Structures are given as C-alpha cells and as structure tokens.
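Just so it is clear: chains get the letters A, B, ... in the order the sequence lines come, proteins before strands, and each one is counted from 1. Note that the coordinates shown come from a computational prediction; the quantities given were computed from them, not determined experimentally.
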Amino acid sequence: MTNYLLRHLQVMLFSLGRLWRQPVASLMTITVIGIALVLPAGLFVLSENMSSLSNRWDSASQITLFLQKELTPQQAQQLSDELKEWSTIEQLHYQSAEQSLDEFRQLSGLGEVLDSLPSNPLPAIIIVEPSDEGAEKATIGKLVTQLNDLPQVEQAQLDMEWLQRFRSINKMVQRGISILAILLSLSVVLAIGNTIRLAILSRESEIRVMKLVGATDRFIRRPFLYTGFWYGFLGGLFAWVTLVLTMGLLSGPVSELAGHYGSDFSLHWFGGFLFLILPFTGAMLGISGAWLAVGRHLHLIEPS
Amino acid sequence: MIHFTDVYKRYPNNYEALSGLSFDLDEGEMAFLTGHSGAGKSTLLKLIALIERGSHGQVIVGNQNLSSLPKRKIPFYRRQIGIVFQDHNLLHDRTVFDNVALPLVIAGEGHREIGRRVRAALDKVGLLSKERNLPIALSGGEQQRVGIARAVVNRPPILLADEPTGNLDPELSREIMNLFEQFNQVGVTVFVATHDIALIQTLPYRQVILKQGRLDD
C-alpha cells in the first residue's frame, strides 16, 4: 500500500516536472484555464456581495410617510405621538420639511438651485419602522393601507419594492453566472483535453515502447491524468491570485463609493473559500479533460 | 517453450505472411530465425510478443495458448518476454538507468530492488559507468546493449531479438551474440531473428529458416 502511494506520488511529481520543463507552453495553458475559472468566480463574489448588501437592507424595511404640505410642525408632532401607540409600529422618526431640504442639499449637491426656488418643495416626512408583528408579509400591506388612509398623510410608501426588484435582478444575475460557470467549466475540460491529446500524440513512440515492455493501460494513463490534474490545479491557483489582486484593486474605490452613501459597506472577498474551491474545481475539471483525451486516444496507440 | 502449430497469418490486403507454420522451441534452447526479407520473420516474432494475433492455428508460449489470452492480460504476458529491437526503441529523454529500469517500474518493483537489478543488468552488458548518460550520447553498439539490459532486467524466461545486429559491424555483432549466449547459458530461451548468415554459421545453434511464410527444411 505504501509502495502504491509512493508510486502515485512519484508520477505526480514526475508530471509536474514535465510541465516545469516546458514553462512557456505550460504557463499559456494554465493562464487560459485560470481566466476561464476567474470569470465565474469573480461574478460569484460580485453577486454574493450584492446579496449581502440587500440582506443588510432587509432588516431596515421601513415605510416613509409623506405628510400633507399644510400640516404644521405641531400637528405633525401630534401625529407621530399617536402613531407611537400603534402595536404594529416599532419606532418612528420625524423629519421636518427643512431637514428634508438640508438632507437633499447635502446629498445632491444642488444647493444653489434649491436656494433659487421660491419655497421648499419638499414635504415633512415620518419614517416608520414596523415592529416584528407589523413587518410580517401579511400585515405590512395592511399597515401601509392604514397609514395611507390617515388624513394627515399624503402618501405612505413601503421602501421594500425597489429591494424586491433588486433581489429579482440579483437572482437573474446568479442564474446567468451559473450558466456561464457551466459553459466555462466545459471549456476548461476541452482545453485540457486537447492539451493532453497533443501530449499523448507527442509521446506516441514512448507509449508503444511502454506497452511492449508490459505496461498496463492504467500505468500509461496515470501520468496524463496527473498532467491534467496539475493544469487544472495550477489554473485554479492562477484564478485565485488574479481574483485576489482584482479585489485588492477594487476594494478602495468600493469603500469610497459606499462612503458617499454613508455606508460602511466593504467588499467581502471569500478569499479562504475560493482558495479551497478554485484549485479543487480546477483539478477535477483537469482530470475529467485528461480522462476524456486518454480514453479516446490511448487505445489507438498499439505497438506494431 | 514456444510451439507453433499450423499457424497462418493473413493481412487485410490478403497478403499471407505465414502459411501453415509449425515448429517448436524447447525451454532453455537458443535458436536463430533466418530467411529473406519478407519471409515472415518479423511476423513470427510479433505473434510471439502478441503484437499481432494469428489468423489460424495455435501459438503456445510457456503453457499459455495465446489465442485465448484476453487483451487485458497481454501486459502481464509481455513481462515474461524480453524483446530486443533492431532500432533499440529507447526513450531518448531518459537516462540509461531509467531506460533499463522501465520494465521494473512498470511491474511495480520497490526502489531499492530496481537500483540493484538495473545495475546488475548494466554491469552484465558492460555499461555500468554510463548509467547517467542519455542514450543519444552512446554509440550504436552501446545503445543496443542498453536495449538488451532493458530486455533482461526483469529476468524473463524468454528473450526475443529482431535483427539485433542489423546496424552493427561484425566485431560488435559478435559481442552482442556473445551476450545472448551468456543469457542462454543461465537458462533463458533465446530466439534471434537475423540475416547475418556469416555470423550464425560460426555458432552451434539451431536455425529456423523461413521461406515465403513456411519452414524451409
């Protein structure tokens, strides 16, 4: 048994040595595989980040009440005091028309335009956070209707709608990524298969000699399978390094962008997870590709 | 050791290389296989090495009927036969040592055993000092001796040679034949195909002469 494992290890290192002795050709194959793997992996990271972003917002599902313009601040205060008593409402936050204007001025950068307006176009708002009971899917619609029916309220708007749209888009993107991942995996299998096919053809006479001195098909197959393994494994590592470098380049601008929105959001790298999954997936695809080539071409080579 | 009974070999283009050939080679015997080019020498050796199968008739090698040997068992059968080729069939990207070690590596021998037996075989053919060389750095005669070392390294009971002295001068040819005789003396059945009539006339071994696919008595 030890002998068997030792022989496998030898063949494994021997195959790696062969790649090493043809550095340019090997590197080109590895790069092709790496690029094919980095695309779905990168999109996966992107989509996971989008999901986590939308999950953050999930807890903050809230209802914005746009108040009637004629309402005085006192009346508005009175309304919010009344609403506080509702069991379906956890808490609320009153924002006067002036505060709304200030906030808009800050975020939009349109200060001078706003100053030129004769009056404040923005209404006062109350931001309502439903309690756990009120936030359930069945009750939240009712709550919105109730709030909409209040005479002081111009419009009650649930901020969930755009989030749902965002989620659907994300779901669509994820499905697209799955399809892309399958197609690119297939291309990795075929690329490695083709490389192994060429390796087999270039070693035709060697394979003949080995068969003549009593090599089994399994013995002849083994180094080619390991070559496929190495191509896939190293391609996976290449993809990982590329991804980490890309994330490093993106994380700064992303944090900056998040900062503009007053968020402390930063990219989640999935570095450890992908470090395990990319070389492993690559290796599996590599072995599959090699198997495909070996199965098709090895038995055609017989001593003559 | 080797028994041919009424063996025919017909190729798809209807060319008949062997026509009703029968002969026997005893265990521990040494014999030469001669005849003109195209007389069927190579075909005969190919049938013994199971590179090809006969169209008709029976080939028995070491109690094994070759026509009933399944394909997956061929590698294990071939390990009992050492083959020496005219063009050596060495692997040019591996050292002399690795070339000779190949049959042992294939058979799954342990590291130490491989080292011991490869050196013994190289010592036998007088190339122990060249174990680290690549075959390309060796002369034709030396390459042929590497091929012989590879053929005998796993101590097969049968040694086949196809024109082993085809590209060598008379003196080197004599040395090669001498090696075969030495293996024969320790009990190996040796069967050498050659058209070097001048050389084999000087040696006291049986000649199996082929003429148009038949035994020429």
Contact class of B:Arg72 relative to chain A, heavy atoms under 4.5 angstrom: neither

At a heavy-atom separation under 4.5 Å, does A:Arg203 approach chain B through its side chain, its backbone, both, or neither? side chain

Tell me, side chain or backbone of A:Arg222 under 4.5 Å from chain B's heavy atoms, or both, or neither? neither

If I measure from the heavy atoms of chain A, does B:Phe85 come under 4.5 Å with its side chain, its backbone, both, or neither? side chain

Go through the atoms of A:Glu206 and report whether side chain, backbone, both or neither lie under 4.5 Å from a heavy atom of chain B. both

B:Asp26 side-chain N/O to B:Met1 backbone N/O, donor-acceptor pair under 3.5 Å: no

With a 6.0 Å cut-off on ring centres, are B:Tyr205 and B:Phe180 close enough? no

Considering only distance and modelled atom types, tabulate donor-acceptor pairs under 3.5 Å from the side chains of residues 104-112 of chain B, sequence neighbours left out.
none

For B:Thr95 and B:Asp98, indicate whether the former's side chain and the latter's backbone hold a donor-acceptor pair under 3.5 Å. yes

Of A:Phe273, A:Trp269, A:Phe233, A:Phe275, which is the lone residue that meets ring pair (Phe, Tyr, Trp, His ring centres under 6.0 Å) with A:Trp240? A:Phe275

Give, as side chain, backbone, both or neither, the part of B:Asp93 having an atom under 4.5 angstrom from any heavy atom of chain A. side chain

Of the backbone (N, CA, C, O) and the side chain (C-beta and beyond), which part of B:Lys73 lies under 4.5 Å from a heavy atom of chain A, both, or neither? neither

Can you find a side-chain donor-acceptor pair between B:Glu163 and B:His195 that sits under 3.5 Å? yes

